[in-house]
Structure formats: structure tokens, C-alpha cells
There are 2 protein chains.
Amino acid sequence: MFKKFKIPDATIGRLSLYSRYLKEADEKGINTVSSQHIARATGVTPAQVRKDLAYFGEFGTRGVGYNSRELYNYIMKILGLGRRWPVAIVGAGNLGKALSQYKGFYERGFDITCIFDTDPNKIGKKLAGIEICPLDSLKEKAKAFNIELGIIAVPAAAAQDVADKLIEAGIRGIINFAPVNINTGENVMLRRVDLAAQLEYLTYYLEDTR
Amino acid sequence: MFKKFKIPDATIGRLSLYSRYLKEADEKGINTVSSQHIARATGVTPAQVRKDLAYFGEFGTRGVGYNSRELYNYIMKILGLGRRWPVAIVGAGNLGKALSQYKGFYERGFDITCIFDTDPNKIGKKLAGIEICPLDSLKEKAKAFNIELGIIAVPAAAAQDVADKLIEAGIRGIINFAPVNINTGENVMLRRVDLAAQLEYLTYYLEDTR
DNA sequence: TAGATTGTTAATCGATTAACAATC
DNA sequence: TAGATTGTTAATCGATTAACAATC
């Protein structure tokens, strides 16, 4: 599984940023851009841009550059964004609520389709127009809506259990917002996002450097 | 500025995770842990754990291991978390709202002290008990509350402008949630967090690998 | 002392950058 | 053709891992 040849993790993140710039350029009527244009707009080197693209093919014209719209479409396809993806969020607390309402997901092709929780006080209520469902119904809903992506937005102590249930329900990609390492098997893609740790990168450097 | 010697970026993120495990271990009454324990709990190799710690000093006892509470305290100090940090959020939309209520920040020593927006309909209202203030009052409030950290939670188009205002107000560390590259000077630490891109790491791998 | 685990060095691995031939 | 920019290779840089001496 995951047979795509090995490319640097960071390349994916940069492709995402390139694509956003290309969309903007296209909308502004800029048809052709060079690796240098992309690089300046996204804060990387031109060599990096070309190298990132080279993993996937030849998209430009020597001496000329890249067609903005075409390259945008290529990158979206590479990222798997040639279609929309239904997503399940587990945890209807502050973070789950926030993520379910976040427009940035929708804009990139992600539809928050289901929200799950175990708290009887929350079940049945709605978030961003989506009903909060009992965690027990996860498998059933995942099948019904063809959900392959899950977001874990529960406390650290519950994260592994939720992950197990997501996998059991057939989810193949998980983002874990709980500040704890969780285990998924070989066949499930996992990423951890630690919001507090992001601030800690800053405080590490700011501590006594005044 | 930022004179601390160069360590891998990823080391900081791992230290954060180690510290959470150590806190838990200490609370469970586990006084001594080895690099192998830490490694297993956090999903890295024991060599990685020891190397990460070695950047900052010698915290263990050969043949024995590390004292959980002591190492926890050391790491918190290293990360700059020996004190609490006031934080400003700019943007009172869904994401800003979410982040202002997110308990994970408080638990790691961050206090969301001010929220700013330009929308007159939002100004004056409260989020998580904190009044939404006009962006114009940023400098004044930052001074009053000694705020050095800022979170950008506005649309991409407004992000650079907000960054400029944060810097002008004396903020020294910025997290940018807008999906766009922004420029800060030499003296400001910057990190970008792209929530949608996190899902794109998954879709890249899941695309047609069924 | 024997067993265990750290701290550190050297080897390996992987990602970024510089340089340049290919080619529009 | 001259100028520009890509795609790609080789060189550099940096991070991870393996191995082991130090030492409890």
C-alpha cells in the first residue's frame, strides 16, 4: 500500500502552497509564471520549486515557464484533489466545533460530513448544520457517506480508542489533533497536528533572547 | 537575535511530545524512565530521544535512566514554558473563535488575552469571555498586556497586512493560519500552519491506492 | 563485578541547493 | 541567433541512526 514513490514530506506542503499561488495568478490573468515567480510568492528557492515538480513530471516549457492554470490543475490532481472528500470529525468540543465550521477545508475540496461524540448532551445537536452523532454509529455512517478521512479532536486519553474505532470503520487517513502519539496499522495514513506545540516553537526561540 | 545554537526544527516538536509523556508518567508514579520508554510512548527511536536531549545537556544517569519529573521540568524550561505567555489572536471568524476557546493552549502555558477584528459587528462582543477589540487598538493592548505572541486567523488576502501590524505592535513570534506565505523581518519568528494542507498529505497518499 | 543505559561519535540516509545542458 | 527558463545531475548540507565507550 501507499505505493507512490518516496518524495519528501515537505514537498507535499509546498505543492499545496504553490497551487494556491497559481490559482491566484490565474484569477489575476497572469497566464505564465516562472519557477522564480512561484518561489518568490511562496518563500522558497526556484530550484526547490523545479525539483518538487520534477518528482511528478514535466509541466513547463523551457525558456518560457509554466502555464498557471495548467500547473494548478496538475498539482491539484497530484494532491488527490481532483474530487471532493467527505471527512468525519470525532469530538464535538471546542476544537471539533471549530474545525467543523472552518471554511478552509471546504475551499480545498473537503466536506465535513459527520461529527461524532459520546456525550449524550451533545448528541442530536447541530454544528454548522451537521448533526452530532453517537460514536457508536461511526461505522454505519462512514459506509453510508463513503468517508475515508477522519479527524481526531478528542482529549489525549481518548485518542487511541477513537483511532481504533475509525480504523474499524474503514477510515484510511487520520489527522490527530490530540497531543499524544497514537498507533494505526500499516494501512492507515496518520498525521499529528499539535497546535500548542506550534506556539512552543516560538517560545523556544523567544525565551531570554530579548 | 535568535542566538540559540542550531537544532533541528523537528527536535522542538518531539521535546514537546516527550514532556507530555513525562508529565503523565510522573503523575502515574513512574519516577524513572529510559530513553526506550520515552521512545516507545512517542513513536521515535531511543537514539533520537537521547540525541534530542543531548543538544541541551546531560539529564540522565547512565545505567539508570531519567527522573520523570526532573526531565519534564528541564524540557519545559528549554521550551520556554517556565512561565505563562499572553497571546493575541487576530481574526474573530470561525477559526479565531475556535482557537480562542481551545483549552490545549491554556494547559501548556498560553493565555489568549486579546482577540482583534476589523468587523464592526464583531467588535465589542465576547469570545470565551474575552472582548473582541478593534484591530486599531492592537499596539496599545499589546503594550498593556505584554503580549509577544500573535496568531493570524484571517483570510489569506489580509494576512500580510495583519502581520505588519503585529510587528509594528512589537509582537516577536507569529503563527500564521492563513494559507499564504507572509513576510516578517529578521527579528520576528514565524510559523505557518495550514490545516487544509494537513488533509492533503493524506489525500496525496490515498488517491487511487485502493 | 555484571547488567543496564546514557552520552557521543561516526556512518548513513535523505533533502536542498548549485550548476548547467537542453531547448523554447 | 541571443536570451530565458526548464529539467536534471552532482555537490552540499543537515538530520537520523547505529554503535560503543563511559559509567551507574
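Throughout, a chain's letter reflects where its sequence line sits, starting with A, and its residues are numbered from 1. Because the structure is a prediction, the values reported are computed rather than measured.
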Engineer: Would you check if A/L202 and B/I175 make a side-chain contact, meaning some heavy-atom pair closer than 4.5 Å?
Structural biologist: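 Counting from C-beta outward, A/L202 and B/I175 do come under 4.5 Å.
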Engineer: What side-chain hydrogen bond (donor to acceptor under 3.5 Å, both in side chains) pairs are there with at least one residue in residues 85-97 of chain A, not counting sequence neighbours?
Structural biologist: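 Checked against side-chain hydrogen bond (donor to acceptor under 3.5 Å, both in side chains) - neighbours excluded - no pair reaches residues 85-97 of chain A.
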Engineer: Near B/Y74 OH, under 6.0 Å, is it more than 12 heavy atoms from other residues, nucleotides or ligands?
Structural biologist: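 Open: at most 12 neighbouring heavy atoms sit under 6.0 Å from OH of B/Y74.
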Engineer: Extract all donor-acceptor atom pairs below 3.5 Å that involve side chains of residues 43-51 of chain A and protein atoms in other chains or at least two apart in sequence.
Structural biologist:
from  : atom 1 : to    : atom 2 : distance (Å)
A/T45 : OG1    : A/Q48 : N      : 3.1
A/Q48 : OE1    : A/R14 : NH2    : 3.0
A/R50 : NH1    : A/S35 : OG     : 3.1

Engineer: Would you please test A/R108 and B/D194 for salt bridge (Lys or Arg N to Asp or Glu O under 4.0 Å) and show each step?
Structural biologist: CA-CA 11 Å; A/R108 293 290 284 183; B/D194 189 333; over 6 Å; no
Engineer: Check the interface with nucleotides 11-15 of chain C: list each N/O to N/O pair with the protein under 3.5 Å, or write none.
Structural biologist:
none

Engineer: Of all residues at least two apart in sequence or in a different chain, which pass the side-chain contact (heavy atoms from CB on, under 4.5 Å) check with B/A98?
Structural biologist: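 B/A98 satisfies side-chain contact (heavy atoms from CB on, under 4.5 Å) with A/A98 only.
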Engineer: If you take any heavy atom closer than 4.0 Å to DNA chain D, which residues from residues 21-32 of chain A end up in contact?
Structural biologist: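 None - not one residue of the stretch has a heavy atom sitting under 4.0 Å from the strand.
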Engineer: Can you list the residues that meet the salt bridge (charged side-chain N to carboxylate O under 4.0 Å, His left out) rule with B/D119, with sequence neighbours excluded?
Structural biologist: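 So B/D119 forms no salt bridge (charged side-chain N to carboxylate O under 4.0 Å, His left out) with any residue.
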Engineer: Determine whether the side chains of B/T11 and B/D52 contain a donor N or O and an acceptor N or O closer than 3.5 Å.
Structural biologist: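 Present: a donor and an acceptor within the cut-off.
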Engineer: Under 3.5 Å, which donor-acceptor pairs do the side chains of residues 53-67 of chain A form with other protein atoms, sequence neighbours left out?
Structural biologist:
from  : atom 1 : to    : atom 2 : distance (Å)
A/N67 : OD1    : A/R69 : N      : 3.1
A/N67 : OD1    : A/E70 : N      : 2.9

Engineer: Check DNA chain C for consecutive Watson-Crick or G-U pairs with both distances under 3.5 Å and list the runs of at least three as stems.
Structural biologist: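 Stem segments, range with range: C:3-24 with D:3-24.
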Engineer: Just to verify, what does A/D164 make a side-chain contact (heavy atoms from CB on, under 4.5 Å) with, not counting sequence neighbours?
Structural biologist: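 Per chain and number, A/D164 pairs via side-chain contact (heavy atoms from CB on, under 4.5 Å) with A/Q160.
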Engineer: Taking only nitrogen or oxygen atoms into account, show me every contact under 3.5 Å that the protein makes with nucleotides 5-7 of chain D, one pair per line with its distance.
Structural biologist:
from  : atom 1 : to    : atom 2 : distance (Å)
D/dT5 : O4'    : A/G63 : N      : 3.3
D/dT5 : O2     : A/G63 : N      : 3.0
D/dT6 : OP1    : A/S35 : N      : 2.7
D/dT6 : OP2    : A/S35 : OG     : 2.7
D/dG7 : OP1    : A/F59 : N      : 3.1
D/dG7 : OP1    : A/G60 : N      : 2.8
D/dG7 : OP2    : A/Y66 : OH     : 3.0
D/dG7 : O4'    : A/R62 : NH2    : 3.1
D/dG7 : O3'    : A/E58 : OE2    : 3.1
D/dG7 : N7     : A/R50 : NE     : 2.9
D/dG7 : O6     : A/R50 : NE     : 3.3
D/dG7 : O6     : A/R50 : NH2    : 2.9

Engineer: Considering residues at least two apart in sequence or located in another chain, which fulfil the side-chain hydrogen bond (donor to acceptor under 3.5 Å, both in side chains) criterion with A/K103?
Structural biologist: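 Partners of A/K103 by the side-chain hydrogen bond (donor to acceptor under 3.5 Å, both in side chains) criterion come out as none, since no residue qualifies.
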Engineer: Taking ring-ring contact (aromatic ring centres under 6.0 Å, His included) as the definition, give me every residue that meets it alongside B/F105, ordered by chain and number, with sequence neighbours left out.
Structural biologist: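 Per chain and number, B/F105 pairs via ring-ring contact (aromatic ring centres under 6.0 Å, His included) with B/Y102.
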